[in-house]
Structures are given as C-alpha cells and as structure tokens.
Amino acid sequence: MPATPAWPPSSLPRLFVDEPLAQGAVVTLDGGAANYLANVLRLQPGAQVKLFDDRTGEWLGKLTEAGRKKVTMIVGAHLRPREPVPDLWLLFAPIKRGRIDWLVEKATELGAARLVPVTTQRTVVERLNLERLRAHAVEAAEQCDRTALPELAEPVKLERALKDWPQGRALLFADEAGGAPLVEAAAPGPAAILIGPEGGFTANEREAIRALPQARPVSLGPRILRADTAAAASISLWMAAAGDWRG
Ligand code: SAH
C-alpha cells in the first residue's frame, strides 16, 4: 500500500464549488457553504480546505476572509485531477422522499456515474425535486472523496429510455421475477442497472425491457428487496465484479 501522503492532511474539509478552479483564482462563498465554514467549523483566515469543481479536479484553498455570511478563498496547489468514474448508470423509478434521498446518496458513494429517474406504470411519485437530490449527491461526493459528481438526469419515461437505448451499453435489469446472478452478467464496459418502483414492473414493461438486445435480466437473490436496497446492492455487486473495487 502506498504510504498515506502526510500533506495535505486528509482531514481537511472538502467542498464542491460550481465554477472552474485554477491556481490563484479567488472563490467567494455565501449561504450554506459560508455558514458551514465560518460558523459551524469556525474557520479563520489562513485555514485550508480542499475544493473540487467536477471539471479540473481538486485544489487546496486558503481562506482569506471568514465572515458569517461570506467567505473568500484563494486557490493554491492542484492536488489531483478529476478521477475517472466507472461508466455505470443507475436507472431508478422514483420512490418516496427520504428513501430516494438515501438512494442518491448511496449511489454517489458507491461510484455511479449517472443517475436517471425513470417513470414506470407503477411509479407513485410524481414531482421530483432535482435540486434537493443534487444537493444530496454533492454532499455525498464531498464526504466520500469524489472529485467527479454523478450526473443527475431529468426524469424520463421507461418507454423513451428503452427507445433511445445506447447501442453499446449493457442494461442489467433487476427483475424480481428472476434472472442471472448479477456478478455473472456484469462485465467491464458501459453498463446500466434498472431498478423498478415499490410496485415492481408490469408484465408488459418486463416484456419490453427483455426485448431490448442489450438487456440482461438479473436476480438479486431470493428475497424481495426494497428499491433503495436493490439499488445499493446491485451497484455494489457491479463495482466489485466490473467496476473500480477490483484494486
Ligand atoms: N412489489 C414487487 C417488488 C418490487 S421491489 C413485488 O413484490 O414483486 C422494487 C424493485 O427492486 C424491483 O422492481 C426490482 O427492480 C428490484 N428488486 C427487488 N428485489 C429483487 C430481487 N430479489 N431480484 C432482482 N431485483 C429485485
């Protein structure tokens, strides 16, 4: 194992900033980010934080001003580039608030590249608050050391997703009615996992999905998992079998 670099201390706070970072750039934060740094962490000018922008990677920032409502920082050393993310999409039928927040947070920690809410016939949740879901993804990325955010797509109807399915992408269809063990169906290369709603897929949805040449029905064992559990379990299995958990 390479020795853990002593500098910068890994304990530094990490913050996503939605602007391209560069050496010498001045970053001004207000709202929640300023409150977190100045009031929660009570950082003073001179304190260091890690900043990442989902574009150029991670940088060392140094506070030059730490007001209650506004914090300014100057960007210093480039610590690392934006990491490559395994090319795995998660397509999920929106589920109840709380559980969907948990699903987005876990999918981010587990390494998904793209999250696609898919409306199916038994989807009960109508309106999705993408801003709230994006905030959960950002917070999870800050915590789990990602410098690349997962992309959060606009909701799409299942039929449309199937109609526009990309040629070279495998679709691991988590089918509670049964399928191959996921670890056997998983292979390196562009992939997607599809998880249904609490009510499951209808018969004609199942037929339409299985009709897709790229679809691989997969089983997640003999028990019926909640959709959020199924999402976390299937991403984990894929990461171990075909993603970046293979050391
Ligand atoms: N109400 C349905 C289950 C839906 S579970 C029923 O009782 O049959 C929500 C989603 O999680 C499913 O659509 C499927 O995508 C996934 N899932 C849950 N358990 C699974 C399993 N054992 N194998 C494969 N997928 C599963």
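What you are looking at is a predicted structure, and each value in this text was computed from that prediction instead of being measured. Both counts, for ligands and for their atoms, begin at 1 and track the order of listing.
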Tabulating one pair per line, provide the atom names and distances (0.1 Å) for every N/O atom of ligand 1 that is less than 3.5 Å from a protein N/O atom.
from, atom 1, to, atom 2, distance (Å)
ligand 1, 1 (N), Glu198, O, 2.7
ligand 1, 13 (O), Glu176, OE1, 2.9
ligand 1, 13 (O), Gly196, N, 3.4
ligand 1, 15 (O), Ala174, O, 2.7
ligand 1, 15 (O), Gly196, N, 3.0
ligand 1, 19 (N), Leu225, N, 2.9
ligand 1, 22 (N), Gly221, O, 2.9
ligand 1, 22 (N), Arg223, O, 2.7
ligand 1, 23 (N), Leu220, N, 2.8

Check your understanding: Would Arg14 count as a cation-pi partner of Phe52, with NZ or CZ less than 6.0 Å from the six-membered ring centre and within 45° of the ring normal?
Key ->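 Verdict for Phe52: a cation-pi partner in Arg14.
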
Study note, to complete from the structure: Tested for side-chain contact (heavy atoms from CB on, under 4.5 Å) against Val49, the lone hit among Val27, Leu12, Leu43 is Leu43

Check your understanding: Does the side chain of Asp228 come within less than 4.5 Å of Ile100's, by heavy atoms?
Key ->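 The answer is no, as the side chains (C-beta and beyond) never meet within the 4.5 Å cut-off.
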
Review point. Are the side chain of Gln214 and the backbone N or O of Gly168 linked by a donor-acceptor pair below 3.5 Å?
Key: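 Flag not set: sc Gln214 to bb Gly168 has no pair under 3.5 Å.
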
Exercise for review: Compare all side-chain heavy atoms of Val218 with those of Ser234 and state whether any distance is below 4.5 angstrom.
Suggested key: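 When only atoms from C-beta onward are counted, Ser234 and Val218 do not touch, as no gap falls below 4.5 Å.
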
Practice item. For Leu103 and Ala227, work out which heavy atoms get closest and say how close. Key: CD1-O, 4.4 Å

